[in-house]
Amino acid sequence: MSTTGGRLRALQIVFAAAFLLVAAQSVRMQVIGADATLGGNGERLRVLPIEPSRGQILDRNGVVMAWNSPRFSLAIVPGDLPEQPEARRRDLLRVEAESGVAYSTIDAALQGPLARIDPLSPVAVRDSVEREEAVRLRAALADIPAVRVVARPIREYGGGDALPHVLGYVGPLTADDAEAYVDRGYALDARVGRAGVEATYEEALRGRPGSRLAVADPSGRVLDVRSEDPAEAGADLVLALDLDLQQAAQAALERGVRSGLATVRAEAGREPPIATGAVVVMDARSGKLRALATTPSFDAQVFSGVPGEELGDLIADPARPLVHRGFQEVRSPGSIFKPLVGAAALEDGIATAGTRITSTGALIVRNRYDPSVVYRFGDWAAHGTLDFAGGIARSSDVYFYYLAGGYDEDDGPPFEGLGAERLAWWAETFGLGRPTGVDLPGEASGLVPTPGWKREQTGDEWLLGDTYTFGIGQGYLTTTPLEMAVATAAIANGGTLWTPQVAEALRQGEQVTPVAPIVAGRVPVSAEHLATVRAAMRAAADPEGTAITGEPPGITIGGKTGTAEWGRPYADGEFDTHGWYAGFAPYDDPEIVVIVYLQHGVGSTHAGPVAREVLAAYFEQEVQRTRSPAGTRAPVGNAAGAGAAADDTAAAEATP
Amino acid sequence: MRYLALLAPPGRSDRWLWAAVAGLVLLGLAMVHSASLGPEPHPRLSAAAARQLVYAVVGVVGMLALARQDYRALRGPAPLVFAAGAAVLALVLVFGTAEFGARRWFALGPISIQPSEFAKLVLTITVAAYAAGRRATAVPLGAAFAMLAVLAVLVMLEPDLGTTLVLVAGWIGVLVAWGISWRVLGTLAGSGVALGPLAFALAVSDYQRERLAVFFDPGHDPLGSGYNLQQAEVALHAGGLTGRGLFGGAESHLAGVAARSSDFIFALVGEELGLLGALTVLALVGIVAWRGLETARTAPDGFGRLLAAGLTVTIVSQALLNAAVSIRLFPATGIPMPFVSQGGSALVTMLLAVGLLQSIAAHRPASARERWTGERWG
């Protein structure tokens, strides 16, 4: 018993020692402070997010189009403001006096929906503050704990008016999407891509945010950083677009719009209030867009930093310069639709290369029930008898009335056309009537009409005349220039429908990841028939053809003009016309497709010369590109350069 | 009402022990409620606290009922108790539900039972029953070690390192009271130290290694495992002498620490009730230690002495280990604070252990002073 009693005594001693140790350590940690860096006054460890630096946007040759500039932001943490209204008002008035931001503006920002989501998240009241001003503000407002002056780089854009729609801009979260972004790890005061490639490639450009464990005082000022998980900078986005070519296209486009307008003024004596236009240049072998011009445009600098009054002016402008006419607006394509009709007619056996049709300047159709009533479908000239190549080269409307709707000859067997349903099927097969899926937000999609659609929309029956106007790319049919580029490229490249892309590659340091071309589909037209259509477009660009105006010196091309009547007829029965041009070059081994659209103009007279300038600029650059020693220009991830065969492989893998 | 009399504490039970345990249980309920609070508005009784209250009632009823029984009745069926305990531990490895990467629980509808908690009682009872009346020579020592090994290995397989450590502590408590020679104890300790690295290499899982690495350098993984330790440190410091007040809810520095209501509850006490609160907890546990060992010393027989010593060491070592984790004296192993931490199986087990202690206390021979007060008031 005495032994065990001693043992229990030993246990008591062990316990007593352990209790003393635990109690002493508790005292040390709670009162003396185990860690000298963690002082009193509510200092605490916080996990603070680190925003990654956003990737730059470069053109195909490495010219920087969007970059970050160091700036500061004056922000207020609503939750750190005094609760008492008088004290709060006094603080905000001080901020107003020092920063020049109106009290009402500050107050509105602090009452905004974002501030309500998390009152402890800073709300920016003034962005884009220069360094000296930031230092002054920080000193002047140091005694208001709710005020933060923090480094916040601003996004700046270059290239003048060449690329603002493509680049887009970044903006703050909105009440509607804030929660979704916060769930994805964004800070409440983050900036995200709101338009253009800034929006499409947001994830890659943003990078991976990091975090740091830091000792902070109650107002969030970091006193000491314990450890850091660094942010991973966003990738640079290399565009397929070529700034030089883009600027050349922009200049040519503006000249074309002016010449079209001058003609309308001089010959018709009319003064259209607005004149718009677009140019699309796409690589026929990959769908990569080399230029995407629109007019009227605006200076990308408007989107830099904090968009201000200029942006309001742009929104209010009746010419709607914020809308890219290349892919955000639909119009009748007119005769540049004819090569598609031609390919369809050849493939469906409606016509052959030798099919001959006579145009006397108009097609007369008698009313089915009352032959005394006749309808007249005009041609733009009496072309006489034409074969398939001639029909396209001369752009004979009567030729395509036949192919589209057929005709009951007075003498001889009736000519059977494609018919409206078949025509619509072919138009959709060429990618019309739906968005192309280009890597830019806000794409418009044209309309491919069908008899069913017309009945539904208007309650009226589809007439033969509807098929005729459809066949020459007018009437209800609408497309974007970009849709026509994709369809024309399919004719040029042997039937591949590409999903157009403005992005060429993503670049993370030295590592370049090409953005793989995407095949959207194939056009079921035989190689032979496509070659027949290309030959006809080649003939159109011969001296006797309408499309000769688009051919640059020294290059043979295939081309097609379009002049689409639109709007309401004037008193003299004349219409306004869009001028179109669709071309591919070089004829023998097509690399490039160009689409020109002018709101006011004639295809051959006004759109053709724009296409010629753009093609000339393209080939001049290609010559330079191949001649210049490696390194002086930096073509990045040039998938197209690898040749069409390689493209097909890469694209096949990328196709879902 | 007649049946309630069955729950009345027996005449010669230990009042200090009753009071200390009552204080710890009530404090535990308050802390569990506080730990489960989110941002305002706060419910009057959080769901977690309500559940804990139910377990407390179950445990207290069990404790009072056990205190009225004669603990000596356990001695006979001890082998049966051991066999059943080992079987259940084996079953949980097969049929148990896995949470946090460990297979430790039986899910029975809304409640889950953690058999390894009850294993603490099983081991103490069995070893005490076996050792009582035997001399602590080589063969009985080996048998006692085998009992520990069976249960400890089964618990280790779940894996549950914290409970294993408590099992070993309770077993050593019985052995010390048994009267084994210091030489044997020294050999055991020595082989423990020697086998440590081997056990570490063979049986310690990756997350335990991680915790160990973090213990020595909390900055090692500040956003992961190290976060708990860093936050515990900050919370204790913020608590200071008198604490930041109960029911801070989401304001707590431990708000991001998942185990704040169990493994880190000592840090929560320190934050909300300050050093005074933390020392109060230690003092109450100290009373349990004092009265528990006193019960062992005055136990009417060898079984009672060994059992009381084992139970007391089990409770107290567990409390000390839990506190040590929060104040960075010991790596995080997942040991709850007896009576205080959230968890039904642990609470009921600890209360039953106290019931056994009280049963032993009630059967000890009366001291002179007790005889005197007994004659006067009884």
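Quick caveat, the model's predicted, so the values are computed rather than measured. Side-chain atoms are counted along with the backbone in the values below, which use heavy atoms only and exclude waters and symmetry mates. To find a chain, count down the sequence lines: A is the first, B the second, and so on, and within it residues start at 1.
- With 3.5 Å as the limit, one finds no donor-acceptor pair spanning the side chains of Asp177(A) and Tyr186(A).
- Judged as a side chain to side chain contact (heavy atoms under 4.5 Å, CB included), and not counting sequence neighbours, the contacts of Thr513(A) are Gln511(A).
- Judged as a side chain to side chain contact (heavy atoms under 4.5 Å, CB included), and not counting sequence neighbours, the contacts of Asp107(A) are Arg88(A), Leu92(A), Tyr103(A), Gln111(A).
- Your options are Ala309(B), Gly173(B), Gly274(B), Ala278(B), and the one with the most heavy-atom pairs under 4.5 Å with chain A is Gly274(B).
- Ranked by heavy-atom pairs under 4.5 Å with chain B, the first of Ser26(A), Ala16(A), Ala18(A) is Ser26(A).
- Paired with Ile76(A) under the rule side chain to side chain contact (heavy atoms under 4.5 Å, CB included), one option of Ile144(A), Val95(A), Leu141(A) passes, and it is Val95(A).
- At least one donor-acceptor pair closer than 3.5 Å links the side chain of Gln318(B) to the backbone N or O of Pro336(B).
- Applying a 4.5 Å heavy-atom cutoff, the residues of residues 280-287 of chain B that approach chain A are Leu282(B), Val285(B), Gly286(B).
- Evaluation of the ring pair (Phe, Tyr, Trp, His ring centres under 6.0 Å) rule for Trp290(B) yields Trp16(B) as partners, not counting sequence neighbours.
- For Arg75(B) (side chain) and Ala128(B) (main-chain N/O), no donor-acceptor pair under 3.5 Å exists by modelled atom type.
- Contacts of Leu279(B) with chain A are made by side-chain atoms alone, with heavy-atom separations under 4.5 Å and no backbone atom involved.
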